Amino acid sequence: MALTPAPGSTGSSAVTALALAAALLTGCSSGDDVAAPTPTPTASTPAPTPTAEEFCTSFLDFADASSSFTAEVDQATGEALVDAAATMFEMPTPAAMTDGARAALDQLVEGALAGLSAVPEVDVDTAPDPANAAEPDLEEMDAYLQDACPA
C-alpha cells in the first residue's frame with residue numbers, strides 16, 4: 001500500500017523513519033531530564049483501532065516533527081513535536097503490532113521528547129499509556145514498520 005505524506009510533510013520514507021527510530025532509541029538519553037507527566041484519563045469509549053495507513057501517516061508526521069526539532073531547536077518545533085508525540089501516545093495499538101513493538105514505539109517517542117529540556121517554554125504534557133508496559137522490542141517494531149509502512 002502506498003502512503004501519501006501529510007500536507008506540509010517532507011515525504012519521509014519508511015527507511016528514514018526506521019533510521020530515526022534506531023537513532024533515537026540508541027542515541028537519546030533515558031529522558032531523566034524531563035519530568036514524565038501523568039497521562040490524563042480518556043473518554044470511556046475507546047478509540048477505534050487505527051488502520052496501517054492511519055498509523056503510518058501519524059508515525060511519519062512524528063518522524064518529520066522530530067527531524068524538524070532536531071534541525072531547529074525552538075518553541076515552535078518543540079510544540080509541534082509534543083503534538084505529534086501526543087498523537088502517537090493516544091493512538092490505540094494497531095491490530096498487527098505486538099506488545100513489544102508498541103513498548104519500543106513508546107520508548108522511541110518518549111526519547112524524542114527528552115530533547116525538549118533545552119526549550120523550557122515548551123510544556124511536555126503527554127506520556128505513554130502505562131498499560132503498554134511490555135518489554136520493548138526494537139526488532140518487532142522494525143518488522144511492523146517494514147510490513148505496515150512500505151516506502
Side-chain angles (χ1 to χ4, degrees), residues 1-6 8-43 45-71 77-117 122-151:
M1 146 182 38
L3 296 178
T4 305
S9 166
T10 60
S12 298
S13 69
V15 173
T16 302
L18 291 174
L20 172 66
L24 287 172
L25 282 175
T26 59
C28 288
S29 72
S30 65
D32 293 339
D33 297 341
V34 178
T38 303
T40 55
T42 58
T45 305
T49 301
T51 65
E53 186 169 352
E54 290 168 335
F55 171 82
C56 293
T57 298
S58 294
F59 181 77
L60 291 175
D61 288 347
F62 163 75
D64 285 343
S66 183
S67 294
S68 294
F69 178 74
T70 301
T77 59
E79 288 172 353
L81 178 58
V82 170
D83 290 344
T87 297
M88 295 307 300
F89 287 147
E90 293 165 5
M91 181 177 290
T93 302
M97 182 181 274
T98 66
D99 291 343
R102 177 58 193 237
L105 172 69
D106 286 350
Q107 186 178 52
L108 167 75
V109 175
E110 196 170 33
L113 294 176
L116 290 168
S117 62
V122 175
D123 183 26
V124 179
D125 58 355
T126 190
D129 184 343
N132 301 332
E135 182 68 27
D137 190 323
L138 183 57
E139 289 179 9
E140 287 180 4
M141 184 183 80
D142 179 55
Y144 178 82
L145 290 172
Q146 296 260 355
D147 184 51
C149 305

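As the structure is a computational prediction, the values presented were derived from the model and not from experiment.
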Chemist: So does D99 have more than 12 non-hydrogen atoms from other groups sitting under 6.0 Å from CG?
Modeler: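 Open.
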Chemist: Between A84 and D61, what is the shortest heavy-atom contact and its length?
Modeler: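 Closest approach of A84 to D61, heavy atoms only: CB-O, 4.3 Å.
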Chemist: For residues G100 and A134, report the shortest heavy-atom separation together with the two atoms involved.
Modeler: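 For G100 versus A134, the nearest heavy atoms are N-CB, 4.1 Å.
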Chemist: Does the pair L113 and V82 meet the rule for a side chain to side chain contact (heavy atoms under 4.5 Å, CB included), with working shown?
Modeler: CA-CA 7 Å; L113 294 176; V82 170; 4.3 Å; yes
Chemist: To the nearest 0.5 angstrom, please state how far the CG atom of L105 sits from the CG atom of L138.
Modeler: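 So the gap between those two atoms works out to 11.0 Å.
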Chemist: What are the two closest non-hydrogen atoms of M91 and E54, and how far apart are they?
Modeler: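 Smallest heavy-atom distance, with atoms named: CE-O, 4.0 Å.
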Chemist: Find out whether L108 and F62 are in side-chain contact, i.e. whether some heavy atom of one side chain is under 4.5 Å from a heavy atom of the other.
Modeler: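 Yes; the side chains approach each other to less than 4.5 Å.
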Chemist: Nearest 0.5 Å, what's the CE-CD distance between M88 and E110?
Modeler: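 M88 CE to E110 CD: 13.5 Å, rounded to 0.5 Å.
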Chemist: Ignoring hydrogens, what is the shortest heavy-atom contact between V109 and A85? Give both atom names and the distance.
Modeler: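 What the structure gives for the nearest pair is CG1-CB, 3.4 Å.
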Chemist: Residues two or more places apart in sequence or in another chain: which of them pass ring-ring contact (aromatic ring centres under 6.0 Å, His included) with F69?
Modeler: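 In terms of ring-ring contact (aromatic ring centres under 6.0 Å, His included), with neighbours along the sequence ignored, F69 is linked to no residue.
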Chemist: Let me confirm one number: the CE-CD distance from M141 to Q146, rounded to the nearest 0.5 Å.
Modeler: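 Going from the CE atom of M141 to the CD atom of Q146 covers 10.5 Å.
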Chemist: Specify whether F55 and F59 have parallel, tilted or perpendicular ring planes, treating 30° as the upper limit for parallel and 60° as the lower limit for perpendicular.
Modeler: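 Geometry flag for F59 against F55: parallel rings.
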Chemist: Is any side-chain heavy atom of D129 closer than 4.5 Å to a side-chain heavy atom of F89?
Modeler: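 Not touching, per the 4.5 Å side-chain cut-off.
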Chemist: Closest approach of A65 and L81, non-hydrogen atoms and distance?
Modeler: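 Distance-wise, the nearest heavy atoms are CB-CA, 3.9 Å.
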Chemist: With sequence neighbours left out, what residues match T98 under side-chain hydrogen bond (donor to acceptor under 3.5 Å, both in side chains)?
Modeler: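 Partners of T98 by the side-chain hydrogen bond (donor to acceptor under 3.5 Å, both in side chains) criterion, ordered by chain and then number, come out as E140.
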Chemist: First locate atom OG1 of T93, then atom OH of Y144, and finally report the distance between them rounded to the nearest 0.5 Å.
Modeler: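 Answer for the OG1-OH pair, T93 versus Y144, is 9.5 Å.
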Chemist: With side chains defined as the heavy atoms from C-beta onward, is the minimum distance between P50 and P92 less than 4.5 Å?
Modeler: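 Of all side-chain heavy-atom pairs linking P92 with P50, at least one is under 4.5 Å.
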Chemist: Between CG of D83 and CG of D125, what distance do you get to the nearest 0.5 Å?
Modeler: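 With rounding to 0.5 Å, CG (D83) is 8.0 Å from CG (D125).
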Chemist: List in chain and number order the residues that pass side-chain hydrogen bond (donor to acceptor under 3.5 Å, both in side chains) with T77, two or more places apart in sequence or in another chain; answer none if no residue qualifies.
Modeler: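 Expected list: D74.
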